[in-house]
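Below, chain A is the first sequence line, B the second, and so on; all start at residue 1. We use all heavy atoms of the structure for the numbers below, so side chains are in, but hydrogens, waters and symmetry mates are not.
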Protein chains: 2
Amino acid sequence: MPASTAASAEHTSRDKILDAAEALFAKRGYAAVGLRELAELVGLGKSSLFHHFRNKAQLYAAVTARILVSIEARLVRSLATGGDPVVRLERWLDDLIDLLTENPTYARVLLRSLFEDDDLPGDLPEEIEGHRAIADMMAAVGGLLREGMGAGLFRAVHVNHFLLTLVGIIVFPFASGEFGAEVLGKDLFDATEVRRRKREVRALLRSGLVASR
Amino acid sequence: MPASTAASAEHTSRDKILDAAEALFAKRGYAAVGLRELAELVGLGKSSLFHHFRNKAQLYAAVTARILVSIEARLVRSLATGGDPVVRLERWLDDLIDLLTENPTYARVLLRSLFEDDDLPGDLPEEIEGHRAIADMMAAVGGLLREGMGAGLFRAVHVNHFLLTLVGIIVFPFASGEFGAEVLGKDLFDATEVRRRKREVRALLRSGLVASR
DNA sequence: AGTGCAACCGACCGATCGGTCGGTCACCAT
DNA sequence: ATGGTGACCGACCGATCGGTCGGTTGCACT
């Protein structure tokens, strides 16, 4: 099965290119991926890549856009579901962790796109489609925090700083590769370790964010 | 003044190369940095780089080793100073934030070296000198956490997961570049924003880690 | 005066880079 | 049958990559 998000086991060449490119970009970053290598991995000639994507930059944009949009789609749905702010925030975090662990490439691509999309070769299409999606989602979570604070459920935090904190807590570990595994002594993507991580994040927020009754 | 750690305003060519390479590697990563560009930035011919470093990989290793060792040196000293675990942990976090903000390239180089040093071109010297230093420091902080838990000062946390959490909280924001600035609405490296970040991190740990008396 | 050496340079190398071009092939509509 | 088209390919291009080589300075030491 492909590393794709959902069920659609489409095996069109375009999707196979995107899947392979996603894995390579996640592991090594934009500049270190060669198109010959990618083509060979997919089982196509290098020229064929250009039949599906105008150039390398747009291929990269397509890869990240697919991921960012899929993240936003799933998590906005999660945020929109009912419950008080505590429940909704915890569900959001749970769903985000699920998403990142079900698709092990996501965290790295996401992190890379968050902190190194600036200064890529110049021919990127404006900004990567999907950055807006992520920004919107962050804004929604920010609103959730404010709502919880207003209701007296959360202690007073600086919302924007707390958003950065949340992203750092959730995304970094799943992108940290060998370092994370070394610190942890185990593979972070193991089911039991994922469960443990969820528990720890929840516990931290329960005591560190949720107002004591 | 150079982006170097401390006072030593040495202006040897070797140091200038390291400084410039540090900036470039931090901004764009290993693969995207060309040696011609680096040489021109320093004001040398490209061949001269090879007089000071055997090849690109070793130059990269020297850059990151310099940073990792300097981080470890300063923070181990910070950890060794007295005080109860709460005080020592907070001082460690403060000093780490100081270090990362005084040297804006550090967070990115550190993050990169944590999650993408795997699979670089093969001629790296074993492992990068300094990875051990960081691992040792993480172990020391782990011991600090355990000590605090044993003394009943900290609530019960999964130490290794908490270490990952701490790194994510501290390092990621200062490496997040444009994304962080967009979320925050301000430049994270501004003095007032740094102060705010310190305050927020402290507050999170006070309520989220320190046991409620 | 002469020797050695660190620092530096321009010219060059093979390899690889992203990207182009002309063409083949299978399939589908008319 | 025939024209069109989407998918694909090998050969090739200029540019750039990391790295080498031979040589020239200038300073230190004797």
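Rounded to whole angstrom, the span from the CD atom of A/Q58 across to the P atom of C/dG18 amounts to 15 Å. Between the NE2 atom of A/H11 and the P atom of D/dA7 there is a distance of 17 Å, rounded to whole Å. Here the C1' atom of nucleotide C/dT20 and the CG atom of A/L49 are 14 Å apart, to the nearest Å. Rounded to whole Å, atom P of D/dC17 lies 12 Å from atom CG of B/L24. A/L35 has its CG atom 14 Å from the P atom of D/dC9, to the nearest Å. In this structure, A/H52 places its NE2 atom 6 Å from C1' of D/dA7, rounding to the nearest Å. Between A/H51 atom NE2 and D/dG6 atom C1' there is a gap of 5 Å when expressed in whole angstrom units. Distance, B/F53 CZ to D/dT20 C1': 18 Å, rounded to whole Å.
Checked against D/dT20, C/dC8, D/dG10, the side chain of A/S47 finds its nearest nucleotide in D/dG10. Listed candidates were D/dG19, C/dG19, D/dC8. Nearest to the side chain of A/K56 is C/dG19. Listed nucleotides C/dG18, D/dT20, D/dC9 differ in distance to B/F50; the shortest reach to its side chain belongs to D/dT20. Checked against C/dG19, D/dG19, D/dC8, the side chain of A/N55 finds its nearest nucleotide in C/dG19. Set against D/dG19, D/dC12, C/dC8, the side chain of A/R36 has D/dC12 as its closest nucleotide.
A side chain to side chain donor-acceptor pair (under 3.5 Å) check over residues 90-100 of chain A, counting only residues at least two apart or in different chains, returns the pairs A/S78-A/D95, A/E90-A/R206, A/D94-A/R202, A/D98-A/K198. The stretch residues 175-193 of chain A participates, sequence neighbours left out, in these side chain to side chain donor-acceptor pair (under 3.5 Å) pairs: A/E193-A/R196, A/E193-B/H161.
The nearest heavy atom of DNA chain C to B/K46 and to B/I17 marks one nucleotide each, and the one closer to the 5' end goes with B/I17.
Of all the heavy atoms in B/L49 and B/A39, the pair that sits closest is CD1-CB, 3.9 Å.
At distances below 3.5 Å, not a single donor-acceptor pair connects side-chain atoms of A/N103 with backbone N or O atoms of A/T105. Checked by atom type and distance alone, the side chain of A/R28 never pairs as donor or acceptor with a backbone atom of A/V33 at under 3.5 Å.
Looking at heavy-atom distances under 4.0 Å, B/V33 makes contact with sugar-phosphate atoms alone, never a base.
Residues A/R197 and B/T165 have side chains that bring a donor and an acceptor to within less than 3.5 angstrom of each other.
Taking side-chain N and O atoms only, B/S48 has a distance below 4.0 Å to OP1 or OP2 of C/dC9.
The only member of A/L114, A/I67, A/L68 that meets side chain to side chain contact (heavy atoms under 4.5 Å, CB included) when paired with A/V109 is A/I67.
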Distances under 3.5 Å between protein N/O atoms and the N/O atoms of nucleotides 24-29 of chain D, please, pair by pair.
none

